[in-house]
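Letters A, B, ... mirror the listed sequences (proteins, then strands); counts begin at 1.
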Protein chains: 2
Amino acid sequence: MQDLLFDFISKYISLTEDEKEAMLSLDIFRTVKKGTILLKEGQKSQDVYFILKGCLRKYYIINGEEKTTAFFTEMESLTPHCVINNAPSEYFISCEENTILTVGNPNRNVEIFTKSPKFDLMCRILSEETLAKHQINFDEFKTSSPEQRYLNLLKNRPDLIQRVPQNQLASYLGIKPQSLSRLRARILEKSKA
Amino acid sequence: MQDLLFDFISKYISLTEDEKEAMLSLDIFRTVKKGTILLKEGQKSQDVYFILKGCLRKYYIINGEEKTTAFFTEMESLTPHCVINNAPSEYFISCEENTILTVGNPNRNVEIFTKSPKFDLMCRILSEETLAKHQINFDEFKTSSPEQRYLNLLKNRPDLIQRVPQNQLASYLGIKPQSLSRLRARILEKSKA
DNA sequence: TCAAATCGTTCACTTAAGTGAAGAAATGAA
DNA sequence: TTCATTTCTTCACTTAAGTGAACGATTTGA
C-alpha cells in the first residue's frame, strides 16, 4: 500500500529511505468504511486526504437536497476548503466505498512536511496541476448540456458511472435522477437508430 | 498607475525601492484597446496578465458559437492555460473595454521574478487563493439554476451586469440571450407582485 | 429470512430553456 | 448626421428538465 504512495510521490520528487521512514512513522494510513462521513457541514477539520484506493464524495445540502459537486478516486488528493480558510465547512465529504487513504494534518506534521523544500515543491506543483484541471473541468461543464456532460463523463471517467449510484451521478451532472434516466434512454435510442 | 500595482503587491509581500525600480525597468505596463484579441485559439503565448483597469473575457468557439466562461476585471490576474502546459490555446482572450494591464512573461523575466523567493511566495499564495475561489465558484455554478446564477451575479459582481453585453452575460450564465431576457422579465414580474 | 428502506425507471404533467424569426433600440463608422 | 451593424427583446413553437406519483428491483438490517 505504501508503495502506491511512494510511486506517486516519485513522479514529482525523489525521497531518501530516511525520508520515507520518517513519513511512515507518522502513521498516516487509514482504512475508512463505506458510508463514513469524514467531514460535516459546520465542522472545522484540519485533515487533508490522499486516496490510495476507493472513492470519496463532496456534497452540499441545499434546501434539504444533496448536491454532489465532486468525486475523488485513486491517486487524487482532497484538501477541504475549511482547511485553507480555517472556517466551518460548507459541505460534506463522505466515503462511498471502503477506502484506503492517507490523512495529513498540515499543523501537526509541520516538522516533516513544511520544513522540507522538497515537499514544498511537490505541493506547489500539485496545486498548480489541480488548478489547471479544475479550470478545464469548469469550462467543460459550463459549455455543455447535461447530455454532453454525461457523454464526456462516459469518455473521461467511465469507472465513475459504474461505481457510483445514479442519483449521485445525476446530481453531479446538475440534473435530477429522473432526467438522467430519460437522458440515458434517449442516448440508447439514438445509438440504435 | 504603478501605485495600483504596488499597493496590490504590498498586501502579500513588501518590496524595497530597488525592487520596485527593477520591476518598472521591465516596462510591463500596457494599454490595450477595446476589441483587441490578446490570445487566439491555437496560439502558444507566454504572456500572463494583471489587470489594473478594464475588463478581459475568456471564451471558446464551439460549433461556431462563442461560449464565454470567465471575465477578468480590476486587480485580477489571468494566466492562460497554454502558458502552463505550453500547448496551443483552446480559447480566446479578448479585451472588452479599453484596459490598462501589466504583461508578464515567466521566461523572459526569470532574473527578477523567479530568482526572488519573495515573488515565489506571492505567486504561491495567489495560486492557492485562485484555486479556492475557483472551487467555490464551480460549486456555486453547479448547484444553482440559471435564474439563481443571475441573482448571485447581481449580488456578487453587480458591475459585470452593467459593463458587459447581455449576450456575453447569457453565455457566461450557460444560457442563450433570449433566455436571459425572459429570465430577467420573470424576476421583474416577481418583484412587482 | 423477511420486512423496510432505498434505488432506478417510467408516466403524465408543468416549467423553463432552445430555436428561428421579426422588429425596436443602441452603437459605430463614414 | 446618417446609414449599417449589432444588440436586445418579444413571439410562437419545440425540446428537455423539474415534479409528483407509482412500481418493480435491489439492498439492508433486524
Distance-only criterion, 3.5 Å: show the donor-acceptor pairs between side-chain atoms of residues 88-95 of chain A and protein atoms not counting sequence neighbours.
residue, atom, partner, partner atom, Å
A:Ser89, OG, A:Tyr91, N, 3.1
A:Ser89, OG, A:Tyr91, O, 2.8
A:Tyr91, OH, A:His81, N, 2.8
A:Ser94, OG, A:Glu96, OE2, 2.6

What string of B, S and - do you get for nucleotides 6-21 of chain D 5' to 3' if you count protein non-hydrogen atoms under 4.0 Å? -SSBB-----SBBBB-
So if I define the base as every atom that isn't primed, P, OP1 or OP2, how would nucleotides 24-30 of chain C read as a B/S/- string at a heavy-atom cutoff under 4.0 Å? ----S--
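Within the 3.5 Å criterion, the main-chain N or O of B:Thr16 finds a donor-acceptor partner in the side chain of B:Glu19.
Taking 4.5 Å as the limit, some side-chain heavy atom of B:Ser144 sits within range of a side-chain heavy atom of B:Arg149. Between B:Tyr172 and B:Leu180, the closest side-chain pair of non-hydrogen atoms is not below 4.5 Å.
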How far apart are the C-alpha atoms of A:Glu140 and A:Lys155, what are their side-chain angles, what is the distance that settles it, and do they pass the salt bridge (charged side-chain N to carboxylate O under 4.0 Å, His left out) test? CA-CA 13 Å; A:Glu140 199 169 84; A:Lys155 198 173 62 186; over 6 Å; no
Evaluation steps, salt bridge (charged side-chain N to carboxylate O under 4.0 Å, His left out), between B:Glu76 and B:Arg157: CA-CA 13 Å; B:Glu76 292 186 326; B:Arg157 292 183 78 176; 3.6 Å; yes
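Listed by chain and number, the hydrophobic cluster partners of B:Ile84 come to none, as no ILVMFWY side chain reaches under 4.5 Å of it.
The number of heavy-atom neighbours closer than 6.0 Å to NZ of B:Lys33, taken from other residues, nucleotides and ligands shown, is 12 or below.
The end-to-end axis angle of the helix from C:dT1-D:dA30 to C:dA30-D:dT1, rounded to 10 degrees and based on five pairs per end, is 60°.
For A:Phe72 and A:Tyr49, the distance between ring centers is not under 6.0 angstrom.
When the salt bridge (charged side-chain N to carboxylate O under 4.0 Å, His left out) test is applied to A:Lys176, the partners found at least two apart in sequence or on another chain are A:Glu65.
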